[in-house]
**Q** 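Please read through the structure below; I'll follow up with questions.
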Amino acid sequence: MLKGIPKILSPQLLKVLCEMGHSDRIVISDGNFPAESMGKDAIVIRCDGHNVPELLEAILEVFPLDTYTEKPVTLMEKVPGDTVETPIWDTYREIVGNYDARGEAAVGNLERFAFYEAAKTAYAIIATGESALYANIMLQKGVI
């Protein structure tokens, strides 16, 4: 046990976060994201019993976002014409704002298939049990 580390961060996840270097990216995926096929060249960490917001909050407690890029946080855009609501994005922006002085300005969007391509180059993908649609989020690591 360690003091000051959110309990939701498993030893495997902490190890991965420590291994990551400046500009490496990590995806926190929803339950529908093809984590295993996108993560063939990445470390895939299963966190099926957890939701994205609680993991995002815990990760940002220990994970510096990249200050050398305008948008170190990336959300998957909705497919044009898809009318699904995405209130979880507001939750993400609020959480990011608690840890980054840029607030929601640090959050960008990427077209769905471009997001998939970027995810294929991520250092790691966390597969969650999140049921919200379009709840995938990618973080780019900064420096301390």
Side-chain angles (χ1 to χ4, degrees), residues 1-79 84-144:
M1 299 287 292
L2 298 172
K3 296 187 324 183
I5 303 293
K7 292 179 184 180
I8 193 172
L9 299 180
S10 68
Q12 180 190 18
L13 181 50
L14 280 172
K15 178 181 181 291
V16 165
L17 295 173
C18 287
E19 290 172 345
M20 293 175 67
H22 179 240
S23 79
D24 279 341
R25 290 173 294 159
I26 189 166
V27 174
I28 310 171
S29 70
D30 62 33
N32 293 300
F33 189 81
E36 298 296 336
S37 60
M38 292 292 126
K40 288 182 180 180
D41 295 323
I43 299 165
V44 176
I45 301 169
R46 304 298 308 191
C47 290
D48 298 282
H50 300 289
N51 295 320
V52 174
E54 63 185 333
L55 279 162
L56 176 63
E57 179 89 39
I59 289 168
L60 289 179
E61 286 189 39
V62 299
F63 186 93
L65 290 172
D66 196 343
T67 57
Y68 294 106
T69 188
E70 189 178 341
K71 307 281 185 186
V73 178
T74 307
L75 305 176
M76 178 190 284
E77 286 181 358
K78 294 190 299 184
V79 172
V84 67
E85 297 294 320
T86 55
I88 199 163
W89 292 358
D90 294 331
T91 302
Y92 294 168
R93 289 183 183 100
E94 181 181 337
I95 293 169
V96 169
N98 292 334
Y99 294 94
D100 192 288
R102 294 170 286 187
E104 68 180 57
V107 181
N109 296 310
L110 199 55
E111 184 273 333
R112 177 181 169 213
F113 292 103
F115 189 98
Y116 286 149
E117 289 305 311
K120 289 178 185 177
T121 66
Y123 186 83
I125 298 174
I126 303 169
T128 75
E130 179 62 58
S131 61
L133 299 178
Y134 295 103
N136 306 299
I137 185 168
M138 190 177 317
L139 310 175
Q140 185 165 316
K141 190 174 184 182
V143 298
I144 296 178

**Q** Would a distance-only check, ignoring hydrogens and angles, find a side-chain to backbone donor-acceptor pair under 3.5 Å from Glu130 to Ala132?
**A** yes
**Q** Could you tell me whether the side chain of Thr91 reaches within less than 4.5 Å of the side chain of Glu94, counting heavy atoms only?
**A** no
**Q** How many angstroms lie between CD1 in Ile28 and CG in Leu56, if you round to the nearest 0.5 Å?
**A** 5.0 Å
**Q** So, does Thr128 use its side chain to make a donor-acceptor pair with the main chain of Ser29 at under 3.5 Å?
**A** yes
**Q** Could you state the interatomic distance from CZ (Phe63) to CD (Gln140), rounded to the nearest 0.5 Å?
**A** 8.5 Å
**Q** If you define the side chain from C-beta out and look only at heavy atoms, does anything of Asp30 sit under 4.5 Å from Met76?
**A** no
**Q** Give the minimum heavy-atom separation between Cys47 and Leu55, together with the two atoms involved.
**A** CB-CD1, 3.9 Å
**Q** Using modelled atom types only, decide if a donor and an acceptor are shared between the side chain of Ser37 and the backbone of Pro34 within a distance under 3.5 Å.
**A** yes
**Q** Which heavy-atom pair separates Glu77 from Trp89 by the least distance, and what is that distance?
**A** CA-CH2, 4.3 Å
**Q** CD1/Ile125 to CE/Met38 distance, rounded to the nearest 0.5 angstrom?
**A** 8.0 Å
**Q** Any chance you could measure Tyr99, atom OH, to Ile59, atom CD1, to the nearest 0.5 Å?
**A** 11.0 Å
**Q** I'd like to check Asn51 versus Ile88 (side-chain heavy atoms, cut-off strictly below 4.5 Å). Are they in contact?
**A** no
**Q** So, for Val44 and Gln12, which heavy atoms are closest and what is the spacing to 0.1 Å?
**A** O-NE2, 4.1 Å
**Q** Measure the spacing between CE of Met138 and NZ of Lys71 and express it to the nearest 0.5 Å.
**A** 15.0 Å
**Q** Where the side chain of Ser10 meets the backbone of Leu13, is there a donor-acceptor pair that is under 3.5 Å apart?
**A** yes
**Q** Between Pro64 and Lys141, is there a side-chain heavy-atom distance shorter than 4.5 Å?
**A** yes
**Q** Decide side-chain contact (heavy atoms from CB on, under 4.5 Å) for Phe115 and Tyr134; before the verdict, give the C-alpha distance in whole Å, the side-chain angles of both, and the deciding distance to 0.1 Å.
**A** CA-CA 11 Å; Phe115 189 98; Tyr134 295 103; over 6 Å; no
**Q** Which atoms form the tightest heavy-atom contact between Ala127 and Ala35, and what is the distance?
**A** CB-CB, 3.8 Å
**Q** If you apply the rule side-chain contact (heavy atoms from CB on, under 4.5 Å), what do you find for Leu139 with Leu60, and how did you get there?
**A** CA-CA 9 Å; Leu139 310 175; Leu60 289 179; 4.3 Å; yes
**Q** Grab the two heavy atoms, one from Pro6 and one from Glu61, that are nearest each other, plus how far apart they are.
**A** CG-OE1, 3.6 Å
**Q** Does Glu36 form a salt bridge (Lys or Arg N to Asp or Glu O under 4.0 Å) with Arg46? I'd like the steps, not just the answer.
**A** CA-CA 10 Å; Glu36 298 296 336; Arg46 304 298 308 191; 3.4 Å; yes
**Q** Considering only heavy atoms from C-beta outward, does the side chain of Tyr68 approach that of Ser23 to under 4.5 Å?
**A** no
**Q** Kindly determine whether Glu104 and Val96 satisfy side-chain contact (heavy atoms from CB on, under 4.5 Å), including the steps that lead there.
**A** CA-CA 7 Å; Glu104 68 180 57; Val96 169; over 6 Å; no
**Q** Between atom CD1 of Ile5 and atom NZ of Lys7, what is the distance when rounded to the nearest 0.5 Å?
**A** 12.5 Å
**Q** Tell me whether Asp41 at atom CG has more than 12 heavy atoms from other residues, nucleotides or ligands lying less than 6.0 Å away.
**A** no
**Q** Using the side-chain contact (heavy atoms from CB on, under 4.5 Å) rule, take Ile126 and His50 through it: C-alpha gap first, then chi angles, then the decisive distance, then the call.
**A** CA-CA 10 Å; Ile126 303 169; His50 300 289; over 6 Å; no
**Q** At their closest point, which heavy atom of Ala118 faces which heavy atom of Arg25, and how far apart are they?
**A** CB-NH1, 3.4 Å
**Q** Could you check if a side-chain atom of Asp100 sits within less than 4.5 angstrom of a side-chain atom of Val107, using non-hydrogen atoms only?
**A** no
